[in-house]
Amino acid sequence: MRRKIALLAFVFSFLIVNCASPTIKEINDSAVAIAKEAKELKANGKTEEAIRVISVIDVLHPDDPIIAEIKSGASVEQIESVTPTVMLGYNKALRAKVQPTTTEKVLWYIPDRIFDFIDQFEVWIHVGPQIGVGGHLTRAIQAEAYTGATIALGGGQKKMLGFKSEANTEIGVGPIVAAGVFGAKVGTGGLAYNADALWFHKPSEAVYQTYRDYWGLGAHFGLIYFGAEAEYHPLEIYDFLAGIILYDPMNDDFATTRRLQYTSRQTGLIRNFSKSVGSLEEEDLALYKKEYPKLNIGSTGTQETTPAPKKK
């Protein structure tokens with residue numbers, strides 16, 4: 001019993017710490033670091049990786065020369081393939097486009113259609129201390145009363161077959177659900193992770209861009225030391241049907257895309273910056289743009305510390 005209480009205390013304390021908002025200066029420091037990484041990636045011939053990294057600061061510096069510099073020479077298709085589409089979120093894979101040979105197209109046609117079909121379904125079996133239930137018809141219509149810290153075996157979207165480790169607490173109804181979701185899944189689909197706390201759920205939240213499907217339909221339960229979850233991803237049926245005529249709206253076919261290759265530091269910069277920007281209100285964005293109208297990659301910002309922005 002004491003171990004369970006300690007575990008719950010840890011989850012809630014982690015949630016509280018994770019809610020702390022960064023200062024305006026810290027966000028600018030991250031933007032400067034991202035710009036430097038993007039320039040290095042492009043210098044090393046990794047154009048798509050550079051575009052992906054620099055795209056996360058576009059919301060704050062849409063007209064900055066460094067962004068135009070990084071994207072110069074790239075095709076529209078190259079740019080779109082590695083730029084997130086907010087409403088699609090985790091459904092869209094961020095992978096670089098490649099030009100396959102006719103042989104590669106033929107060899108990958110059947111496997112890609114099979115993977116597109118399987119991507120519609122997700123099942124995980126959880127082991128670890130947990131209690132509660134939850135269900136959702138998209139995250140706008142949900143009911144949650146669950147807490148747990150588990151390890152899971154299963155698979156789902158983005159060709160993921162492997163393991164998942166999570167510590168999460170969720171309680172609420174509709175789009176208003178207080179949630180702390182801290183976890184990672186690794187397997188055949190690569191690595192996806194999240195460390196986020198939120199209360200109002202919308203597609204643009206970081207967790208629905210990199211870890212969960214906002215539009216999914218599913219349910220889960222946990223009872224003492226055993227639990228399970230299942231989910232259907234309705235947007236993936238569109239990808240499956242489109243794939244029959246060689247159209248790939250979710251950008252995840254092996255025949256025509258490749259995985260992006262960047263360091264864990266670059267991955268962390270993207271994830272943390274996206275989360276920080278998501279915490280900004282309109283007035284915070286205006287204040288940021290007033291204090292930092294241009295990126296100065298020769299420094300890490302001013303010495304003043306603006307009060308932390310408000311959480312939504």
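To the nearest 0.5 angstrom, Asn168 atom CG is 8.5 Å from Glu144 atom CD. In this structure, CD1 on Ile54 lies 10.5 Å from CD1 on Ile51, to the nearest 0.5 angstrom. Taking OH from Tyr90 and CG from Asn194, the interatomic distance works out to 10.5 Å, rounded to the nearest 0.5 Å. Interatomic distance, OG1 of Thr103 versus CH2 of Trp108, reported as 14.0 Å (0.5 Å rounding). Atom CD of Gln266 and atom CD of Gln261 lie 11.0 Å apart (nearest 0.5 Å). Taking CD of Gln120 as the reference point, atom CG of Asp213 lies at 11.5 Å (rounded to 0.5 Å).
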Pair Asp116-Asp239, side-chain contact (heavy atoms from CB on, under 4.5 Å): steps then yes or no: CA-CA 7 Å; Asp116 284 345; Asp239 190 47; 3.1 Å; yes
Check against ring-ring contact (aromatic ring centres under 6.0 Å, His included), His233 and Tyr238: CA-CA 10 Å; His233 304 288; Tyr238 169 50; over 10 Å; no
Worked check of side-chain contact (heavy atoms from CB on, under 4.5 Å) between Asp58 and Ile67: CA-CA 7 Å; Asp58 191 64; Ile67 295 179; 3.7 Å; yes
Test side chain to side chain donor-acceptor pair (under 3.5 Å) applied to Glu205 and Tyr211, step by step: CA-CA 10 Å; Glu205 292 291 345; Tyr211 193 72; over 6 Å; no
Audit row: Phe226, His126, ring-ring contact (aromatic ring centres under 6.0 Å, His included) steps and yes/no: CA-CA 6 Å; Phe226 175 82; His126 292 259; 9.2 Å; no
Test log, rule side-chain contact (heavy atoms from CB on, under 4.5 Å), inputs Ile57 and Phe273: CA-CA 8 Å; Ile57 66 176; Phe273 185 82; 3.5 Å; yes
Worked verdict on Thr210 versus Tyr193 for side-chain contact (heavy atoms from CB on, under 4.5 Å): CA-CA 7 Å; Thr210 62; Tyr193 62 93; over 6 Å; no
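At least one side-chain heavy atom of Val32 sits under 4.5 Å from a side-chain heavy atom of Leu295. Residues Leu137 and Gln142 are not in side-chain contact: their nearest non-hydrogen atoms beyond the backbone lie 4.5 Å or more apart. When side chains are defined from C-beta on, Leu260 counts as touching Glu48, because their heavy atoms get closer than 4.5 Å. In this structure the side chain of Trp215 reaches within 4.5 angstrom of the side chain of Pro203, judged on heavy atoms. Residues Lys164 and Ile151 have side chains not in contact (no heavy-atom distance under 4.5 Å, counting atoms from C-beta outward). In this structure the side chain of Ile110 reaches within 4.5 angstrom of the side chain of Ile114, judged on heavy atoms. Side-chain contact between Leu60 and Tyr292 is absent, with no heavy atoms from C-beta onward closer than 4.5 Å.
Screening Asp253, Asp112, Asp252 for a salt bridge (Lys or Arg N to Asp or Glu O under 4.0 Å) with Lys159, the sole residue that qualifies is Asp252. Each of Glu229, Glu231, Glu170 was checked for a salt bridge (Lys or Arg N to Asp or Glu O under 4.0 Å) with Arg212, and the lone residue meeting it is Glu170. Of the candidates Lys39, Arg95, Arg258, Arg258 is the only one forming a salt bridge (Lys or Arg N to Asp or Glu O under 4.0 Å) with Glu49.
In terms of heavy atoms, Val82 sits closest to Leu94 at C-CD2, 4.0 Å. Annotation for Thr257 and Asp248: closest pair CG2-OD2, 4.3 Å, computed over non-hydrogen atoms. Closest of all the heavy-atom pairs between Thr188 and Leu161 is OG1-N, 2.9 Å. Among all heavy-atom pairs drawn from Gln209 and Pro84, the shortest one is OE1-CB, 4.1 Å. Nearest approach of Gly156 to Asp119, heavy atoms of both residues: O-OD1, 3.8 Å. Among all heavy-atom pairs drawn from Thr138 and Leu217, the shortest one is N-CD2, 3.6 Å.
The residues Glu236 and Lys92 are annotated as not salt-bridged, no charged nitrogen and carboxylate oxygen being separated by less than 4.0 angstrom.
Of the possible polar contacts, one joining the Lys42 side chain to the Ile70 backbone as a donor-acceptor pair under 3.5 Å is found. A donor-acceptor pair under 3.5 Å links the side-chain atoms of Asp64 to the main chain of Ile66, judged by distance alone. Counting only distance, with no hydrogens or angles, the side chain of Glu40 and the backbone of Ala38 share no donor-acceptor pair below 3.5 Å. Judged by distance alone, with hydrogens and angles left aside, the side-chain atoms of Ser55 form a donor-acceptor pair with the main-chain N or O of Arg52 at under 3.5 Å. Glu80 places no side-chain N or O within 3.5 Å of a backbone atom of Glu77 that could act as its donor or acceptor partner. In this structure, the side chain of Thr85 does not engage the main chain of Leu88 through any donor-acceptor pair within 3.5 Å.
Lys97 and Asn251 share a donor-acceptor pair across their side chains, judged by distance under 3.5 Å alone. Using modelled atom types and a 3.5 Å distance limit, the side chains of His201 and Tyr208 yield a donor-acceptor pair. Side-chain contact, His61 with Tyr288: a donor N or O sits under 3.5 Å from an acceptor N or O. In this model, no donor atom of one side chain and acceptor atom of the other lie less than 3.5 Å apart for Asn28 and Glu26.
Heavy-atom neighbours of Ile171 CD1 from other residues, nucleotides or ligands within 6.0 Å: at or below the threshold of 12. The number of heavy-atom neighbours closer than 6.0 Å to NZ of Lys289, taken from other residues, nucleotides and ligands shown, is above 12. More than 12 heavy atoms of other shown residues, nucleotides or ligands fall within 6.0 angstrom of atom CZ in Phe254. Open room surrounds CZ on Phe163; 12 or fewer heavy atoms of other groups in view lie less than 6.0 Å from it. Under a cut-off of 6.0 angstrom, the local environment of CD1 in Ile125 is crowded, with over 12 non-hydrogen atoms contributed by other residues, nucleotides or ligands.
Ring geometry for Tyr232 against Phe121 counts as tilted: the plane angle lies between 30° and 60°, on a 0 to 90° scale.
For Tyr146 and His220, the gap between ring centers is short of 6.0 Å.
Figure legend: Arg113 and Tyr109 shown as a cation-pi pair, the cationic atom lying under 6.0 angstrom from the six-membered ring centre and within 45 degrees of its axis.
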